[in-house]
Undergrad: 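Here it is, the structure in full.
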Amino acid sequence: MGMSVTISAATDQDAEQIFRLQYLCFQSEAALYGNYRIDPLVQTLASVRDEVATDCVFVARLGDEVVGSVRGHVDADGSASIGKLCVHPRLQGHGIGARLLRAAESALTEKHGTTRFRLHTGHRSEGNLRLYRRVGYETVGTAQGADGVPMIVLEKQAGAYAATA
């Protein structure tokens, strides 16, 4: 493809681009559920800035453009929650999502000694589910999103990668 996408920790300068990218990427999710109040679409720029400052946030860059991002934080029980993974629609299918997940997982393990990762995705989000399973996540249950969307909960042990990854 002649393009080099780099993955790095997000800085405050990235917050606005992450905010816009997230808004673009999650339109298709919202359409899937007929629900335009899902969290990534109603999150404020100030809240994205806070997450960049306090959570483990990574971005994928193509030149100066942020084309992907992911967020993770450690929960009270010591496991890490990873969320809001998004990759620009025109760059999906090139492994960027998997690279972002790996970056977040390694950083959370190094910084916090986390051995378990958890993420939630909507029950109809086939593309997301395929990606998560490919990188070693397994379904452990279901949950109701705050926005009313039925969610599938997936988990993975640190260092567990699917044999096909």
Side-chain angles (χ1 to χ4, degrees), residues 1 3-33 35-114 116-122 125 127-129 131-132 135 137 143 145-149 151-156 158:
M1 283 204 49
M3 53 164 224
S4 163
V5 171
T6 59
I7 310 284
S8 56
T11 68
D12 186 60
Q13 276 73 48
D14 299 320
E16 202 159 323
Q17 282 202 67
I18 293 170
F19 175 70
R20 288 204 301 268
L21 177 72
Q22 175 174 309
Y23 196 81
L24 172 75
C25 292
F26 280 93
Q27 294 293 328
S28 56
E29 283 289 283
L32 202 54
Y33 298 101
N35 181 345
Y36 287 85
R37 303 289 302 158
I38 59 173
D39 184 53
L41 294 186
V42 296
Q43 188 179 19
T44 62
L45 175 57
S47 163
V48 172
R49 276 195 200 288
D50 287 348
E51 286 183 352
V52 169
T54 58
D55 291 357
C56 177
V57 183
F58 280 85
V59 289
R61 283 192 182 83
L62 180 57
D64 292 332
E65 187 190 358
V66 171
V67 295
S69 83
V70 68
R71 259 155 276 183
H73 63 263
V74 176
D75 295 325
D77 68 357
S79 63
S81 283
I82 294 179
K84 296 198 180 87
L85 175 69
C86 57
V87 175
H88 195 290
R90 71 165 197 272
L91 292 174
Q92 286 171 9
H94 296 289
I96 297 169
R99 288 173 61 197
L100 282 163
L101 280 171
R102 269 199 299 276
E105 289 166 2
S106 343
L108 287 159
T109 300
E110 274 164 39
K111 258 212 233 113
H112 304 282
T114 309
R116 196 167 76 236
F117 306 106
R118 183 181 301 125
L119 44 83
H120 294 70
T121 194
S125 309
N128 296 358
L129 287 165
L131 165 63
Y132 298 146
V135 297
Y137 284 85
D147 48 26
V149 172
M151 305 294 274
I152 293 175
V153 183
L154 299 101
E155 282 189 2
K156 140 181 187 179

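We use all heavy atoms of the structure for the numbers below, so side chains are in, but hydrogens, waters and symmetry mates are not. Predicted model, so just to flag it, every value in this text is computed and none were measured.
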Undergrad: Determine, stepwise, if the pair Leu129 / Leu154 fulfils side-chain contact (heavy atoms from CB on, under 4.5 Å).
TA: CA-CA 9 Å; Leu129 287 165; Leu154 299 101; 4.0 Å; yes

Undergrad: Check whether any side-chain N or O of Gln22 sits under 3.5 Å from a backbone N or O of Cys86 as a donor-acceptor pair, and report yes or no.
TA: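 No, because the side chain of Gln22 does not come within donor-acceptor range (under 3.5 Å) of the backbone of Cys86.
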
Undergrad: Salt-bridged, Arg118 to Asp77, with N to O below 4.0 Å?
TA: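 Looking at Asp77 together with Arg118, the answer is yes, because their closest N to O distance falls below 4.0 Å.
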
Undergrad: Report the distance from atom OG1 of Thr114 to atom CG of Leu108, rounding to the nearest 0.5 Å.
TA: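 Answer for the OG1-CG pair, Thr114 versus Leu108, is 5.5 Å.
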
Undergrad: Can you check whether Arg61 reaches Asp14 side chain to side chain, under 4.5 Å on heavy atoms?
TA: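 In contact.
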
Undergrad: Are side-chain heavy atoms of Thr54 and His73 found at a separation under 4.5 Å?
TA: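 Result no, sub-4.5 Å side-chain heavy-atom pair not found.
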
Undergrad: Between atom NE2 of His88 and atom CG of Leu24, what is the distance when rounded to the nearest 0.5 Å?
TA: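 Rounded to the nearest 0.5 Å, the NE2-CG separation comes to 5.0 Å.
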
Undergrad: If you measure from CZ on Phe19 to OG1 on Thr44, what distance do you get to the nearest 0.5 Å?
TA: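 Reported value, rounded in 0.5 Å steps: 7.0 Å.
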
Undergrad: May I ask you to test the Val87-Cys25 pair for a side-chain heavy-atom distance under 4.5 Å?
TA: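 Answer no - side chains too far apart.
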
Undergrad: Which heavy atom of Glu16 sits nearest to which heavy atom of Leu45, and what is that distance?
TA: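 Shortest heavy-atom contact: CA-CD1, 3.8 Å.
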
Undergrad: As a quick check of understanding, evaluate side-chain contact (heavy atoms from CB on, under 4.5 Å) for Asp39 and Lys84, giving each step before the final call.
TA: CA-CA 9 Å; Asp39 184 53; Lys84 296 198 180 87; 3.1 Å; yes

Undergrad: What heavy-atom pair brings Ser81 and Asp75 nearest, and what distance separates the two atoms?
TA: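 Heavy atoms only, the tightest pair is OG-OD2, 2.6 Å.
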
Undergrad: Taking all non-hydrogen atoms of both residues, which atom of His120 and which atom of Ala143 are closest, and how far apart?
TA: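 Here His120 and Ala143 meet closest at CD2-CB, 4.3 Å.
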
Undergrad: So, the side chain of Lys156 versus the backbone of Val135: is there a donor-acceptor pair under 3.5 Å, distance only?
TA: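 The answer is yes, because a donor-acceptor pair under 3.5 Å joins these two groups.
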
Undergrad: Do the side chains of Ile152 and Tyr132 get nearer than 4.5 Å, heavy atoms only?
TA: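 Heavy-atom side-chain distance check fails, nothing below 4.5 Å.
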
Undergrad: Kindly say whether Ala60 contributes a backbone atom to a donor-acceptor pair with the side chain of Arg99 at under 3.5 angstrom?
TA: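 Here the side-chain-to-backbone pair does not exist.
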
Undergrad: Main chain of Asp64, side chain of Gln17: is a donor-acceptor contact present, judged purely on distance under 3.5 Å?
TA: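 Yes.
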
Undergrad: Roughly how far, to the nearest 0.5 Å, is CD1 of Ile82 from CG of Leu100?
TA: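 If we round to the nearest 0.5 Å, Leu100:CG and Ile82:CD1 are 10.5 Å apart.
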
Undergrad: Minimum heavy-atom separation for Ile18 and Ser69, please, with both atom names.
TA: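 For Ile18 and Ser69, the tightest heavy-atom pair comes out as CG2-OG, 3.6 Å.
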
Undergrad: Could you tell me which residues satisfy ring-ring contact (aromatic ring centres under 6.0 Å, His included) with Phe26, sequence neighbours excluded, listed by chain and number?
TA: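 With neighbours one apart ignored, the set is empty.
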
Undergrad: Is there a side-chain contact between Leu119 and Asn128 in this structure, where contact means two heavy atoms from C-beta onward sitting under 4.5 Å apart?
TA: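 Counting from C-beta outward, Leu119 and Asn128 never come under 4.5 Å.
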
Undergrad: Applying side-chain contact (heavy atoms from CB on, under 4.5 Å), run through Leu101 and Phe117 and close with a yes or a no.
TA: CA-CA 10 Å; Leu101 280 171; Phe117 306 106; over 6 Å; no

Undergrad: Once you round to the nearest 0.5 Å, how far does CD1 of Ile38 lie from CD of Gln43?
TA: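 With rounding to 0.5 Å, CD1 (Ile38) is 11.5 Å from CD (Gln43).
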
Undergrad: Taking all non-hydrogen atoms of both residues, which atom of Ala158 and which atom of Thr109 are closest, and how far apart?
TA: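 Answer, listing the atom of Ala158 first, then Thr109: CB-OG1, 4.2 Å.
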
Undergrad: What's the separation between atom CZ in Arg49 and atom CD in Gln13, rounded to the nearest 0.5 Å?
TA: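 Atom-to-atom, Arg49:CZ and Gln13:CD are 8.5 Å apart.
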
Undergrad: Check for a donor-acceptor pair, side chain of Gln27 on one end and backbone N or O of Tyr23 on the other, with a separation under 3.5 Å.
TA: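 At least one qualifying donor-acceptor pair exists.
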
Undergrad: Got a donor-acceptor contact below 3.5 angstrom from the Tyr33 side chain to the Ser125 backbone?
TA: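 Such a contact is found between Tyr33 side chain and Ser125 backbone.
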
Undergrad: Is atom CD of Glu65 surrounded by more than 12 heavy atoms (other residues, nucleotides or ligands) closer than 6.0 Å?
TA: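 Atom CD in Glu65 is crowded, with more than 12 foreign heavy atoms closer than 6.0 Å.
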
Undergrad: Evaluate Arg71 against Val48 for side-chain contact (heavy atoms from CB on, under 4.5 Å), listing each step before the verdict.
TA: CA-CA 10 Å; Arg71 259 155 276 183; Val48 172; 4.2 Å; yes

Undergrad: Quick one: closest heavy-atom pair of Ala104 and Cys56, and the distance?
TA: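 Minimum heavy-atom contact is O-SG, 4.3 Å.
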
